Amino acid sequence: MEESKQLACNLSAYRSLFVARFVLLLQYRTAALAGIATQLFWGLIKVMVLAAFFSSSAEAQPMTLSQAVSYVWLGQALLVAVVPWSGDREIQAMIRSGAVGYDLLRPTDLYSFWLTRALAMRTAPVVLRALPLLTISLLLFPTLELNEWALAVPDSAAALIAFLLALIGAIVLSAALTMLLTVSMLWTISGEGINHLFPTLIIVFSGMIIPLPLFPDWMQPLLAVLPFSGLLDQPFCLFVGSLPPSALGQVLTHQAIWISIIILFGRWLVKRGVQRLVIQGG
Amino acid sequence: MNALQLYGRYIGVSVQAQMQYKISFGLQTLGHLGVTAIEFLGIWVLFARFGQLADWSIAEVALFYGLINMAFACADALGRGFDSFGKLVQNGDFDRLLLRPRSTVLQILGTELTLKRFGRLIQGLVIIGWSLSTLQIALTLPVLWLLSAAFVGSVALFCGIVIFQATLTFWTIESLEIMNILTYGGVETAQYPFSIYGRWFQRFFTFIVPLACVSYLPLLGVLNRASEFGVPLWVCFLSPWSGIVFLLLALRLWRIGERYYCSTGS
Amino acid sequence: MPHIVVEDLRKTFWVAEHAPGLWGAVRGLVRRNTRAVEALKGVSFSLERGELVGYIGPNGAGKSTTIKILSGILVPSSGRCRIDGRTPWHDRISHVARIGVVFGQRTQLWWDLPVIESFALLRDIYRVPPAVYRQTCSELIELLELEPLLVTPVRQLSLGQRMRCDFAAALLHRPDILFLDEPTIGLDAVSKLAVRKFIKALNQTQQVTTILTTHDMDDIEALCDRVIIIGGGEILCDGSLAQLRSQVSSRRHLRIDLQPGQLGGQLLRFPVAGVNLLNQVGDSVTLAFDPRQISAAALIHRITEHYDVADLFVENPPIEEIVAELYANERDPQRETTGGENGGV
């Protein structure tokens, strides 16, 4: 009973946070347009570079050029949603100014409220950024007769559904990681270092820079175990067919395990942070 | 006090201010070094997988990569003030600059010399060093000329782009993220030899935004591969100047924008 | 010849607007409406060298537009302005080298630098010769008592301290004209007094022509011989403070707090010529009276005869009210009660 009340409360908080964020983003529509153009351009460079590399070698590769290209476009479209670039800057500013002290000492479940905020922050841009980009990369290039640069639709409906389910997991995982970045600011100095270095690791090991299947074979087991592959690589592989739809269970399990670990760790950090604030008096 | 001396004073002041936050500065430099190192890791991954890029080796690509990153690090450190120019206009601080009897370009260049970009600069330098020694390119006078002309031309071009981007703010008020295509996107593009790109793409970056002229062409001269692509050697020597021409055009446009700002007074 | 001459200055801005809310934002994607806003509708005045003038009016009246035009960073739509024979917006750089500007709301000092370093940088920006700089700087340090602040980074200064440093910064190049934009805003009483004393001294000893914009009537009363009031982009009044009060409204306010229980829910009854009831909340009553018909002393005497008074204050009507009254008179001359001539154009 208590649990379901909590859930309903979080859901409605999520909805209003999502709407607020969305309206805010709509106001910066030129920024959104610019963002789309930038992602498009970026994707284009990546596609051209990958095409040049693929044509330089006759050997069979772990994925085809067309699969790699689709992987790149999904990454460009969804990067705001699935890559935790930074923590929640508003909360971090509150932490820096010390204003967060009062919030921390209140009896409400701060972690789930902040996590809800992170989810809204990740999902609100999807409509404005992802859908236009996916549409362009799906339809524009074929009309320009640049078929090999286009996003290819999945082989089966099953692949698409598996992708969408894994994407939800990826967004939750991304929000959980965002929270780690946010909370690390409770430890000022090391927090700043973590906020500078951690996103870089995430960008590389999620597959944002180079699709993970193209990494050297000896690195593959490590990449598969790390949480970051659950952000981009595994959902995208379901989409392009590098992973069969039947692997969905495995992907979701991987995500679920990491989400629980990261959330438990984040909760523990918040608790420690509160204790520190109490001891140091803010 | 002439403009150059005054700029020196501004830089001194900016460094002094940044040094008050030493730990943050150190972490940011480290972070930057990490980011750029990992970017090169990406290129290494692709070469490990495919062996070569068209007929370019990783050491050759490293030369393009190192040069453009060094140039961008410098331009970014110099032109930070222009990068955040939108904020300056929005909160009215630009009026304060207009109230001082100096060119606004000088004052904005002087707002900040971002030291943390040095991470990227050092990384670029190391990679160029590795590239030149692996390819056993002797540092003869023509090679040094080509390298420094490419560097100066690229810095000028990137400065021109950030100034151009800031100039648009006079009309739009919101800062236009789209110009990142030319700065960050330009770096990404020029990390690889332009020959791998489509023809229209090469033309755009030669004749409209002369990115290929300031990096690719002179470096073809350094790598001694200009004739392969039908580029006369004198072109390699002259083309980097186009970066400076671009910068001068951007400054001219800036003056027009400033006059527009004073007549509308947003 | 006057130091500053302004003739028929006009400025029209074009403002983009979109309807509020989500739908408005979406529609704004497609087209934007623009609307003309006349910030100045023909402003003229002239100042002699060494004059100290209060330039007042409500927000959005055109104060800062005028100041921006006079300081050369905004070009008017039409009109003329000569300052020392220069047209400000024609040669910004040589003009701004001769003026000083102090904004109460923001500093021109470098946030992370010790004050003296900011001064040195300004010296280089304004090309002040070293000997002149040394002399001016030591004078200002003494006058404003800055000695103990010089090595402190600006971010650590209190608002009052920062304001004093900002004054020094604006005067290092010995300008002949000073624009002060709300220089006392947010200051505590002691700092306000110090700032006023400094402005007065500066104006008297150095003959710096000064234009002061402010919302604080005490600033005006302490400093200005002359006041220009602007409202809706037009000059409503130009003259001495006394003239202004007598022209527009000689009325003063008397606020009385009565001992409880005397009114019994009734309105205060007080039929005296030249006095009327402005408002009444509980036992607190505000009367407006005309001192030419009844003096404050007489009025207070009359009231204490009838009621037990707990406390009372005599106030000048706030500047907003004077301006509102001026503005109403401007539109509807019939309402003008005191018969004075409006505007000093």
Side-chain angles (χ1 to χ4, degrees), chain B residues 1-22 24-25 81 87-113 115 170-174 255-266, chain C residues 11-16 39-40 64-65 67-77 88-103 105-114 117-118 120-130 153-156 169-170 173 175 179 181:
Chain B
M1 185 171 264
N2 69 33
L4 206 64
Q5 281 171 309
L6 180 61
Y7 181 68
R9 288 276 289 130
Y10 269 123
I11 297 314
V13 161
S14 162
V15 171
Q16 195 183 343
Q18 287 172 68
M19 278 307 141
Q20 297 193 358
Y21 307 95
K22 282 198 195 67
S24 168
F25 163 72
K87 235 188 285 168
L88 211 62
V89 170
Q90 278 161 20
N91 64 21
D93 282 341
F94 185 61
D95 287 347
R96 177 44 87 187
L97 301 190
L98 284 170
L99 284 171
R100 292 191 180 135
R102 290 292 189 157
S103 93
T104 46
V105 171
L106 177 67
Q107 293 186 66
I108 296 171
L109 278 178
T111 35
E112 200 183 339
L113 179 79
L115 291 176
F170 286 126
W171 282 275
T172 60
I173 305 305
E174 282 174 78
R255 233 154 278 150
I256 296 172
E258 194 179 278
R259 225 170 297 144
Y260 173 81
Y261 175 85
C262 285
S263 68
T264 56
S266 43
Chain C
K11 182 71 197 175
T12 306
F13 293 113
W14 295 93
V15 186
L40 295 181
S64 61
T65 305
I67 299 290
K68 278 187 180 176
I69 291 174
L70 292 187
S71 50
I73 63 172
L74 183 64
V75 183
S77 309
W89 55 90
H90 279 169
D91 188 359
R92 173 179 71 80
I93 290 201
S94 69
H95 179 65
V96 296
R98 301 302 320 136
I99 64 172
V101 184
V102 176
F103 293 112
Q105 313 263 29
R106 62 172 87 104
T107 181
Q108 69 156 323
L109 302 164
W110 280 257
W111 202 237
D112 287 319
L113 287 189
E117 294 282 335
S118 284
L121 195 51
L122 286 167
R123 170 197 67 199
D124 297 337
I125 291 173
Y126 281 89
R127 298 184 169 94
V128 185
V154 173
R155 61 166 193 275
Q156 291 171 12
H173 58 290
F179 296 117
D181 187 16

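Letters A, B, ... mirror the listed sequences (proteins, then strands); counts begin at 1. This structure is a prediction, so every number in the text was calculated from the model and none was measured.
Atom NZ of C/K68 is separated from atom CG of B/L98 by 9.5 Å, given to the nearest 0.5 angstrom. To the nearest 0.5 Å, atoms CD1 (C/I73) and CZ (B/R96) are separated by 9.0 Å. The CG atom of C/D124 lies 8.5 Å from the CD atom of B/Q5; values are rounded to the nearest 0.5 Å.
Nearest heavy atom pair, residue B/L99 against residue C/Y126, reads O-OH, 3.5 Å. Among all heavy-atom pairs drawn from C/I125 and B/P101, the shortest one is O-CG, 4.1 Å. Looking at every heavy atom in both residues, C/I93 comes nearest to B/R102 through CD1-C, 3.7 Å. Between C/P114 and B/Q16, the shortest heavy-atom contact is CD-NE2, 4.2 Å. Residues B/R9 and C/E117 share a closest heavy-atom pair of NH2-O, 4.4 Å.
Residues B/R259 and C/R92 have side chains not in contact (no heavy-atom distance under 4.5 Å, counting atoms from C-beta outward). The closest side-chain heavy-atom distance from B/R100 to C/Q108 is below 4.5 Å.
Contacts of C/I99 with chain B are made by side-chain atoms alone, with heavy-atom separations under 4.5 Å and no backbone atom involved. Residue B/T104 touches chain C through both its backbone and its side chain, counting heavy-atom pairs closer than 4.5 Å. Contacts between C/P88 and chain B at a heavy-atom distance below 4.5 Å are absent for every atom of the residue. Proximity to chain B is absent for every atom of C/A39, based on heavy atoms less than 4.5 angstrom apart.
The ring pair (Phe, Tyr, Trp, His ring centres under 6.0 Å) test applied to B/Y10 returns no partner, not counting sequence neighbours.
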